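Below, all heavy atoms of this structure are taken into account, side chains as well, without hydrogens, waters or symmetry copies. Reminder, nothing fancy here: chain letters follow the sequence lines and each chain counts from 1. Predicted, not measured: the structure shown is a model, and the values here were computed from it.
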Protein chains: 2
Amino acid sequence: MPQTMTSADLRVHNQIRLLRAVHDAAEPFTRAEAARLLGIGRNTAAALVGELERARLLHEVPAESGARGRPTTMLVPHPEGPVAFAVDFREDSWTLASVELGGAITELEAAEHDRTPAVFAAIRAAVARHETPRLAVLGFATSGPIRDGHRLHISHLGWDEVELNELVGDDWPATVIDNDARLAGLAESRRGALRGMGTAMHFHIDFDIGGTLLLDGDAQRGAHRIAGEFGHMPLTGSPLACMCGVRGCWSLDVGANALVRRFGGEPGYGTGRELAQEVLRRAEAGDPEAVSALDDNAAALGRGLGALANALDPEAISLSGMGVDLIRLRRPLIEAQCAEGLMAFRRDEPPTIMAGTVGEQGPLRGAAEMAWDAILDPDRLRERLHSG
Amino acid sequence: MPQTMTSADLRVHNQIRLLRAVHDAAEPFTRAEAARLLGIGRNTAAALVGELERARLLHEVPAESGARGRPTTMLVPHPEGPVAFAVDFREDSWTLASVELGGAITELEAAEHDRTPAVFAAIRAAVARHETPRLAVLGFATSGPIRDGHRLHISHLGWDEVELNELVGDDWPATVIDNDARLAGLAESRRGALRGMGTAMHFHIDFDIGGTLLLDGDAQRGAHRIAGEFGHMPLTGSPLACMCGVRGCWSLDVGANALVRRFGGEPGYGTGRELAQEVLRRAEAGDPEAVSALDDNAAALGRGLGALANALDPEAISLSGMGVDLIRLRRPLIEAQCAEGLMAFRRDEPPTIMAGTVGEQGPLRGAAEMAWDAILDPDRLRERLHSG
DNA sequence: AGTTTTTGTTCTCGATAAGAACATAACAAG
DNA sequence: CTTGTTATGTTCTTATCGAGAACAAAAACT
């Protein structure tokens, strides 16, 4: 029982419903349409919008009138309203972007980095270069699990429980951080292939597999915020020991690491990724050993997805990273192996497996969604409404 | 955006908060305590309770005064208020009970059955024998997955997609049906070992393993309402083919079926369960082969739990059915194997593994919770408040 | 130019919860 | 036995919210 529910809370609640409708809509809509959408009267809509306009959250612009009736206004994000910054922090580069209500995104800066935690200072400096009073919340996507929201662990970079509270300190704007695979899934769930689904899953396949379970548009985090290591379940019977400390992980058979290992490459970041891409190209060209490696990879992917579908029953599964290549090149094999892993009675209704539509921008857009979730929080909104 | 949020909805919302507080509380509390708990004024609490009293949902009884201050009243379920009926339908027997607000349970009837769908008529007759105007919703727990909420599949009974809409027809009271393993988990989450946890899991181990992911006190159902078949993921490397149509299922190594197979018994319900219990007894007595079988079973359980914890990051995992015996007899082995399956960086914070505290009543109590969730639905409550 | 259609605006109304002031009924202290 | 203390119940006022009806306004259609 957190807080009471009073008339003022009611107003904030309905204003958030309105803002979220604007944020989530594919096309902008008018104030009258908003009233119908939310099931409120036109007078109430006018009052809600009026306050939000004064708080610089919404802006009304004259709608070009094509139909009959008195002219109305479109509800658009306020030009001086809050924005979210989003950072996609990768193993060798980062991107900073600004995202408005509604999802319009502007890339601000991008750079490579030296794989030491010093990069956080560089990112902070970039944020400072672009900082504006409009910046409300910064969403930060990084690879690797983040325990309890502040202890970052990226084994590939040799980062062992890096303390984020020391790197992202009080001089940062309000910041929310999460895992890239989870945020990519969140982006698909909010603005991509999984939009509107009650139960879905997303997997990002890079060197290994990370993913997330998406329920009603929310990415599940787990008790210590480190849910999503689906790649470290023994789903395909591998006998090998995994870098994570477990034997037989799914990720040993799916993803770039599996390809690289097969061709004797180094499982590092620079050359490893190139080699994996090279294998995919050779497989497309028909090289028998590359074809075999690709087939094994795709088959293992499908087998694992079937197993997970038995347990979690997603409506659809979207893929990003190398998963996009796998589904493009070997969809029938993946689906056949998925069916093989599905309990017989489920095979007539298998989960849809598809490439994500947000693509490479997944972590960035997911970070923005996470930041906007924080901006559209009742307490924060109440404060903003009453201060201005 | 389903419904609007008006002042009347606010009242219902707060009344539901109050009713749920009463329902979930371990000990009854007074009206003044309720006001503090919900963060509302005493006057508001009086108004809310007054309406709920008139609607026969709450009842105020004088509290024995031990302390100073003006005497107050305890909030208890109304003696003429709605009740939920709960049915636990097992493979050879069923139980019918009545459950009040707050969880007080009264067993009404129990019987064996002949394993044909005709048993539904017998259960309906039992419900009729005990039916009262107080009956609001019937919660029904059955083993086996129920696709889309109405197609029941129990392979052990030879029931292949039995159409529940034909068996539970218009002559039934309002009925909600779900899977027994999921409802056992719901019971643990609401009234048992998992109470108050944000992310937890429950597994019921019988002939095989069924389970559920519990998030904020809610059991996840999946897109087709058939989530939870964790036992049919290949987590332990078994080479065998499973009855479900997949190869290598976890359930081939954990549960009564694994014990029965090892000792050459029939994997049927009557003798199979007895044989499994016999093996457990012999293992306790020190019989080497039984000990080995029990060890294998427990080790496979732990190994699978570790894998699942990597993916879903539960705070705790509770067990029912044969899982209670396994945790009692082989906790160290289970925990060691779980740690082996956990990614190295998680091993210092493993999920708590424990026996459920609701025990055999899990499905029944879970069915009651599900039914009460339906009773405490805003629409239903609004109707009840305005009709009386 | 008049009609139709859609939306904006204004006003009233009922309901909600907050808050303050006061009443009440127990226990405790003298 | 009387008086004070304390926690709670009760009453009344007030601000706010959304609903709803009536009316005004502005476009397109006829």
Side-chain angles (χ1 to χ4, degrees), chain A residues 1-18 21 28-55 58-75 378 381-382 385-386, chain B residues 1-18 21 28-55 58-75 378 381-382 385-386:
Chain A
M1 300 289 155
Q3 80 292 358
T4 175
M5 193 75 174
T6 168
S7 299
D9 299 321
L10 191 57
R11 171 59 62 105
V12 173
H13 173 85
N14 280 328
Q15 282 171 327
I16 287 179
R17 288 210 302 152
L18 178 55
F29 48 80
T30 70
R31 206 174 70 183
E33 285 167 345
R36 280 191 294 271
L37 190 63
L38 300 191
I40 60 180
R42 295 193 302 273
N43 50 356
T44 307
L48 295 179
V49 170
E51 285 180 20
L52 291 172
E53 172 96 53
R54 280 190 292 281
L58 282 186
H59 188 52
E60 294 186 89
V61 298
E64 76 284 12
S65 61
R68 275 190 180 178
R70 177 169 171 170
T72 178
T73 55
M74 306 296 294
L75 301 182
L381 187 64
R382 197 190 336 268
L385 286 165
H386 293 29
Chain B
M1 299 287 155
Q3 80 292 357
T4 175
M5 193 74 175
T6 168
S7 300
D9 299 321
L10 190 57
R11 171 59 62 104
V12 174
H13 173 86
N14 280 328
Q15 283 171 326
I16 287 179
R17 288 209 303 150
L18 178 54
F29 48 80
T30 70
R31 205 174 71 183
E33 285 167 345
R36 281 191 294 271
L37 191 62
L38 301 190
I40 60 181
R42 296 194 301 272
N43 49 356
T44 307
L48 295 178
V49 170
E51 284 182 19
L52 291 172
E53 172 96 52
R54 281 191 291 282
L58 282 185
H59 188 53
E60 294 186 89
V61 298
E64 75 285 11
S65 60
R68 276 190 178 179
R70 178 169 171 169
T72 177
T73 55
M74 306 295 294
L75 301 183
L381 187 64
R382 197 189 337 269
L385 286 165
H386 293 30

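Among the atoms of the strands shown, none is found under 4.0 Å from any heavy atom of A:Ala47. At a threshold of 4.0 angstrom between heavy atoms, the contacts of B:Ala35 with the nucleic acid are absent.
Qualifying side chain to side chain donor-acceptor pair (under 3.5 Å) partners for B:Thr73, counting only residues two or more places apart in sequence or in other chains: B:Glu60. The side-chain contact (heavy atoms from CB on, under 4.5 Å) check on A:Pro378 picks up A:Val12, A:Ile16, A:Arg382, with sequence neighbours excluded. Partners of A:Glu53 under the side chain to side chain donor-acceptor pair (under 3.5 Å) rule, at least two apart in sequence or in another chain, are A:His59. In this view, B:Glu33 satisfies the salt bridge (Lys or Arg N to Asp or Glu O under 4.0 Å) rule with no residue, not counting sequence neighbours.
In this structure, B:Leu385 places its CG atom 14 Å from P of C:dA15, rounding to the nearest Å. The distance from atom CD of A:Glu51 to atom C1' of D:dT16 is 10 Å, rounded to the nearest whole Å. Atom-to-atom, CD1 of A:Ile40 to C1' of D:dA19 comes out at 11 Å; the value is rounded to the nearest Å. With rounding to whole Å, B:Arg382 atom CZ is found 14 Å from C:dA15 atom C1'. The nearest whole Å value for the distance from the CG atom in A:Leu48 to the P atom in D:dA19 is 9 Å. Remark: P of C:dA17 and NE2 of A:His13 are 15 Å apart, rounded to the nearest angstrom. Atom NE2 in A:His386 sits roughly 15 Å away from atom P in D:dA15 (whole-Å rounding). C:dA18 atom P lies 8 Å from atom CG of B:Asn14, rounded to whole Å.
In terms of heavy atoms, A:Leu38 sits closest to A:Asn14 at CD1-O, 4.3 Å. Counting all heavy atoms, side chain and backbone alike, A:Thr72 lies closest to A:Ala32 at OG1-N, 4.3 Å.
Direction of the helix axis in the helix from C:dA1-D:dT30 to C:dG30-D:dC1 shifts by 10° between the two five-pair termini, rounded to 10°.
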ask   = Hey, mind stepping through A:Leu52 and A:Leu75 against side chain to side chain contact (heavy atoms under 4.5 Å, CB included) and telling me if it holds?
value = CA-CA 10 Å; A:Leu52 291 172; A:Leu75 301 182; over 6 Å; no
Test side chain to side chain contact (heavy atoms under 4.5 Å, CB included) applied to B:Leu10 and A:Thr6, step by step = CA-CA 8 Å; B:Leu10 190 57; A:Thr6 168; 5.8 Å; no
inquiry  = At under 4.0 Å between heavy atoms, how does the protein contact nucleotides 4-10 of chain C? Give one character per nucleotide, 5' to 3', with B, S or -.
reply    = BBBBBBB
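Between C:dA18 and B:Thr44, a contact under 4.0 Å exists linking OP1 or OP2 to a side-chain N or O.
Between A:Ala67 and A:Leu10, it is A:Leu10 whose nearest contact on DNA chain D lies nearer the 5' terminus.
Applying the salt bridge (Lys or Arg N to Asp or Glu O under 4.0 Å) definition to pairs two or more places apart or across chains, those involving residues 42-51 of chain B are B:Arg11-B:Glu51.
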